[in-house]
Amino acid sequence: MSNNIDKFPDNFLWGGAVAANQCEGAWNVNGKGVSTADVATAGSVNTPREYTEGIIEGKNYPSHEAIDFYHRYKDDIKLFAEMGFKCFRTSIAWTRIFPNGDESEPNEEGLKYYDNLFDECLKYGIEPVVTISHYEMPYGLVEKYGAWRDRKLVDFYLNYCNVIFNRYKEKVTYWMTFNEINVITLHPFIPAGLRISKEENKEQVIYQAAHHQFIASAKAVKLGHEINPNFKIGCMVVYPLAYPETCNPDDVLAANNYMNKHYFFSDVHVKGHYPNYMKKYFERNNINIEFQDGDEEVLKLGTVDFIGFSYYMTLVVSGNTKGKTLTEGNMTKGIKNPYLKASDWGWQVDPVGFRISLNNLYNRYEIPLFCVENGLGAADTIEDDGSINDDYRIEYLREHIAEMKKAITIDGVEMIGYTPWGCIDLISASTGEMKKRYGFIYVDKNNDGTGTLERRKKKSFDWYKEVIKSNGENL
Ligand code: BG6
């Protein structure tokens with residue numbers, strides 16, 4: 001038996017994750033078009049973000065400057081390299097390449113930017129991990145086509161994939177097609193640009209748009225493999241593990257049903273067909289998914305190489321939610337779990353739930369997992385001596401990494417890597433705040449947009465550096 005039995009694999013990809021729309025800024029620079037993220041105003045837990053019809057003068061749109069990663073990426077990547085990152089997950093802003101989404105020719109300046117960004121990573125031996133569309137798409141596609149409700153989006157997306165796959169085929173191996181694709185059922189605008197009127201059958205619109213994204217994703221996987229057979233192309237889902245409130249079978253069934261609504265998305269990507277439980281659901285709820293000739297084959301031929309997923313928290317589900325206190329979570333709410341602590345934003349912290357999730361996903365699909373988001377959103381304080389002692393973040397990550405290690409070494413889960421979210425502070429997707437920070441690197445910027453944008457290492461910076469250096473041994 002190998003004496004490495006209790007260790008992370010040698011080639012494990014430790015790193016960090018961001019998304020273009022939450023860090024780059026430079027929203028209208030060098031030919032970039034307006035994206036769906038660019039029309040999202042700043043909000044807070046109590047004031048939901050607005051998704052305005054175009055840009056409205058006088059509103060605060062945090063993506064417009066974000067943390068100005070667009071101009072500062074060299075210094076930021078240098079800091080990632082100092083932490084020893086093996087990989088760096090970011091996304092390409094679709095609107096830098098196709099400003100309106102339906103052009104046939106790409107914007108060279110946008111392409112050049114990502115050439116430089118990936119080269120900068122590779123200079124330090126950092127493997128870029130790229131999300132093709134992370135909560136961002138050309139706003140032009142929303143205005144002109146109603147976004148993913150129109151099947152034409154499949155072709156626009158594929159044209160975009162074709163351009164970036166060919167351009168970066170020597171630089172990028174790991175790709176993911178759509179960030180948290182299952183969030184479409186919870187917030188149709190954020191991942192899919194859908195605006196749904198009250199008169200419409202909401203689920204019909206959502207699931208038809210999701211079908212278009214499934215087809216786009218499957219075609220992209222096939223295309224990518226043709227362009228470079230070494231590409232590893234994954235889906236990306238949010239994994240909100242739901243516990244039944246009690247062992248009452250009604251609660252257990254409610255939790256199963258809740259999970260199926262999420263598994264639907266990974267099932268299609270990994271198994272290459274619609275599962276029966278959803279076919280029945282559609283039938284019973286009068287939802288007609290329009291399949292074109294050949295769609296079944298497309299799904300079958302475009303199954304993914306790995307599952308990218310985010311894990312932050314768990315929630316509790318009951319057969320009877322009436323009168324129960326709900327708590328916040330990643331894009332979703334659930335009943336409070338009395339056994340768990342929660343973050344200041346109400347997300348329930350559950351390291352053991354992470355191990356359970358890894359087991360659930362791996363045992364269901366038996367393909368490699370890549371945890372591309374995990375972390376604690378918290379407000380940080382700068383002490384008089386300039387230090388930021390984010391022990392709460394270290395504790396969160398330490399406990400999750402320890403559980404991930406058990407999942408790999410004890411339960412036999414196969415994992416590619418781990419990229420904590422927001423390795424440098426960035427704009428929160430749900431609230432648009434800056435105050436909700438995830439980073440190892442602090443960015444001097446406030447909710448109202450003020451701040452010098454200066455970078456500063458937090459205590460967790462050196463801690464994570466040691467984690468990577470010791471390949472997860474020294475937590
Ligand atoms: C995921 C998204 O939902 O969680 C990220 O993929 C997001 O874009 C992250 O930022 C954390 O959520 P939030 O709302 O705290 O930014």
Side-chain angles (χ1 to χ4, degrees), residues 16-24 35-38 40-49 51 62-63 66-67 69 89-94 129-137 176-192 234-241 262 265-266 307-315 327-334 342-349 354 357 370-380 392-393 396-397 400 418-439 443 445 447:
V18 301
N21 82 80
Q22 289 166 260
C23 71
E24 284 179 3
S35 79
T36 46
D38 294 332
T41 63
S44 68
V45 187
N46 303 321
T47 324
R49 304 184 79 175
Y51 298 90
S63 76
I67 59 158
F69 180 75
R89 174 188 178 219
T90 187
S91 63
I92 294 178
W94 187 344
V129 175
V130 174
T131 319
I132 297 169
S133 177
H134 187 129
Y135 286 179
E136 192 252 15
M137 59 183 290
M176 281 169 284
T177 49
F178 292 99
N179 183 63
E180 293 189 342
I181 187 166
N182 45 334
V183 165
I184 193 172
T185 60
L186 306 165
H187 294 278
F189 188 78
I190 300 175
C235 56
M236 197 303 196
V237 291
V238 58
Y239 193 80
L241 176 65
H262 288 285
F265 291 83
S266 38
I307 299 169
F309 69 99
S310 63
Y311 175 88
Y312 291 92
M313 31 67 59
T314 55
L315 45 87
T327 184
E328 295 292 329
N330 187 14
M331 299 285 166
T332 184
K333 286 184 193 214
S343 77
D344 290 345
W345 273 260
W347 298 20
Q348 305 186 103
V349 177
F354 188 31
S357 302
F370 200 158
C371 177
V372 293
E373 288 188 32
N374 172 237
L376 179 74
D380 293 323
Y392 35 90
R393 186 167 293 109
Y396 177 102
L397 294 169
H400 282 77
Y418 175 73
T419 56
W421 176 248
C423 45
I424 179 164
D425 292 346
L426 38 61
I427 307 293
S428 156
S430 56
T431 66
E433 290 168 289
M434 219 20 241
K435 191 178 162 198
K436 189 181 188 193
R437 298 168 184 277
Y438 288 87
V443 177
K445 178 150 187 183
N447 281 353

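These numbers were taken from a predicted model, which means no experiment stands behind them. Start at 1 and go down the list; that is how both ligands and their atoms are numbered.
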Do [X] side-chain atoms and [Y] backbone N/O form a donor-acceptor pair below 3.5 Å?
{"X": "Thr36", "Y": "Met137", "result": "yes"}
{"X": "Arg437", "Y": "Asp380", "result": "no"}
{"X": "Thr314", "Y": "Leu241", "result": "no"}
{"X": "Thr419", "Y": "Val372", "result": "yes"}

Would you call the rings of Trp347 and Tyr312 parallel, tilted or perpendicular if under 30° counts as parallel and over 60° as perpendicular?
->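 Trp347 vs Tyr312 ring planes: perpendicular.
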Parallel, tilted or perpendicular, as decided by the 30° and 60° cut-offs, for the rings of Tyr239 and Phe309 =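 Ring orientation, 0 to 90° scale: perpendicular.
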Where on [X] is there a heavy atom closer than 4.0 Å to ligand 1, on the side chain, on the backbone, on both, or on neither?
{"X": "Tyr311", "value": "neither"}
{"X": "Val238", "value": "neither"}
{"X": "Trp345", "value": "neither"}

Ligand 1 to Ser310 polar contact by distance, N or O atoms, under 3.5 Å |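 Checking ligand 1 against Ser310, no N or O pair falls under 3.5 Å apart.
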For [atom], what is the closest protein heavy atom, and at what distance to 0.1 Å?
{"atom": "atom 6 (O) of ligand 1", "value": "Glu373 OE2, 2.7 Å"}
{"atom": "atom 12 (O) of ligand 1", "value": "Trp347 CH2, 3.4 Å"}
{"atom": "atom 14 (O) of ligand 1", "value": "Ser430 OG, 2.4 Å"}
{"atom": "atom 9 (C) of ligand 1", "value": "Tyr312 OH, 3.2 Å"}
{"atom": "atom 10 (O) of ligand 1", "value": "Gln22 NE2, 2.8 Å"}
{"atom": "atom 7 (C) of ligand 1", "value": "Ala429 CB, 3.6 Å"}
{"atom": "atom 11 (C) of ligand 1", "value": "Tyr438 OH, 3.4 Å"}

Apply side-chain hydrogen bond (donor to acceptor under 3.5 Å, both in side chains) to Tyr418 and Asn374, showing your working.
-> CA-CA 8 Å; Tyr418 175 73; Asn374 172 237; 2.5 Å; yes
May I ask you to list the atoms of ligand 1 that are less than 4.0 angstrom from any heavy atom of Ser428?
->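 The atoms of ligand 1 under 4.0 Å from a heavy atom of Ser428 are 13 (P), 14 (O), 15 (O), 16 (O).
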Going by the order shown, which atoms of ligand 1 are within less than 4.0 Å of some heavy atom of Lys436?
->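 Those of ligand 1 that fall under 4.0 Å from Lys436 are 13 (P), 14 (O), 15 (O).
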Pick whichever of Glu180, His134, Met331 has a heavy atom sitting closest to atom 3 (O) of ligand 1.
->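 Result: the heavy atom closest to atom 3 (O) of ligand 1 is in Glu180.
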Check the pair Tyr135, Gln22 against side-chain hydrogen bond (donor to acceptor under 3.5 Å, both in side chains), reporting the backbone distance first and the verdict last.
-> CA-CA 9 Å; Tyr135 286 179; Gln22 289 166 260; over 6 Å; no
Do you know which of Thr131, Val237, Asn330 makes side chain to side chain contact (heavy atoms under 4.5 Å, CB included) with Glu180?
->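 Output: one option passes, namely Asn330.
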